[in-house]
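First the structure, in the form of structure tokens, and then the observations on it.
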Amino acid sequence: MADIGFEGRVAVVTGAGGGLGRSHAMMLAARGAKVVINDLGTAPDGDGSTHSMADKVVEEIKAAGGEATANYDTVSTWEGGEAIIQTALDAYGKLDIVINNAGILRDRSIAKMTDEEWRGVVETHLSGSFYVTRAAFKPLRENNYGRILFTSSGAGLWGNFGQMNYTAAKLGIVGLMHVTKIEGQKYNITANTVAPIAASRLLGSVMTEQMMEALDPGYVSVLACYLLSEECTFTGGVFSAGAGHYGRAAMVEGPGIALGEQEEKVTVETIRDRFSEITDLGGAQEFFKSRDRLVEMVGPDLFSQG
Ligand code: NAI
């Protein structure tokens, strides 16, 4: 089989001035994509801004013989999302690939978290992924082709102490992916999510040097590039990746119990007595969209009446 290439493809990578975004962008460019390197150039907590982060990656790509254009807008406003996508259209005339990757951290335990810490993180990760995807959707639809990658986190999937803002945003991003997956289906637009673990400045303060070495971002980028390739038509997946481990995570629902048609009234005690069956995930399944689950819950007949 031929190697995977991105010749003729135009990609936007947000937060590509360092860490994972830089790694994804460099790999796409090395395989032929023209890449918009978006980065606001902030500190890890979102403070400040500089052009130098995006410029440096553009220079690196060009020095390696690739094509790239810098964009310095923030993902976290409507106008910023539009300007980022417009940069790709102005520079290269079309859009094929979007990686929503930009992010910041403002960790604080629940009771101590400030409104600014909450908003800053939710606006960058969740609103930012929405603004960029929304602006991208029209050109992708017109293109009748698109590959979108969202960036979640193990914290988003499973929770983490001191990260209520980040965890909420990162799980919200999985919701953005699900809707993109559904609305993109008829336009040949796929949407997947990566939950990475990789050495970057965001993790530098909590990891040993040895851990940082094992966590080469390139391990995540190879999965990202495959998911963004034309030959990968998988959509709606959440993939964990890091240190050479790859797997898929999913929301599943157990078969539960159906009490709606029994004659006796369902009471609190019924729930108590059957709680282990309700909790049991044996035979659990995932659903492509919420309607599929409703049909499974109440049956196709009842659902079609309403
Ligand atoms: P990083 O700090 O190296 O990269 C994030 C980049 O986003 C920075 O270059 C920053 O300037 C940029 N940025 C921040 N706010 C922005 C905004 N409003 N608009 C445009 N750019 C902005 O961090 P890293 O680790 O590479 O993170 C990349 C993504 O991966 C983030 O979404 C992060 O939450 C996620 N992630 C990373 C993990 C890891 O192990 N490194 C673990 C789980 C998730």
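Atoms within a ligand are numbered from 1 in the order they appear, just like the ligands themselves.
- When heavy-atom distances to ligand 1 are checked against 4.0 Å, the residues falling inside are Gly15, Gly18, Gly19, Leu20, Asn38, Asp39, Leu40, Gly41, Thr42, Met53, Asp73, Thr74, Val75, Asn101, Ala102, Gly103, Ile104, Thr124, His125, Thr151, Ser152, Ser153, Tyr166, Lys170, Pro196, Ile197, Ala198, Ser200, Arg201, Leu202, Leu203, ordered by chain and number.
- A side-chain donor from one of Thr69 and Tyr92 sits under 3.5 Å from a side-chain acceptor of the other.
- Judged as a ring pair (Phe, Tyr, Trp, His ring centres under 6.0 Å), and not counting sequence neighbours, Phe150 has no contacts.
- When every heavy atom of Thr151 is checked against every heavy atom of Lys170, the shortest pair comes out as O-NZ, 2.8 Å.
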Please tabulate, for side-chain N and O atoms in residues 183-197, each donor-acceptor pair with protein atoms closer than 3.5 Å (sequence neighbours left out).
from	atom 1	to	atom 2	distance (Å)
Asn192	OD1	Gly236	N	3.3
Asn192	OD1	Gly237	N	2.8
Asn192	ND2	Phe234	O	2.8

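- Under the 3.5 Å distance criterion, with hydrogens and angles disregarded, no donor-acceptor pair is assigned to the side chains of Lys289 and His178.
- Qualifying side-chain contact (heavy atoms from CB on, under 4.5 Å) partners for Leu171, counting only residues two or more places apart in sequence or in other chains: Leu157, Val174.
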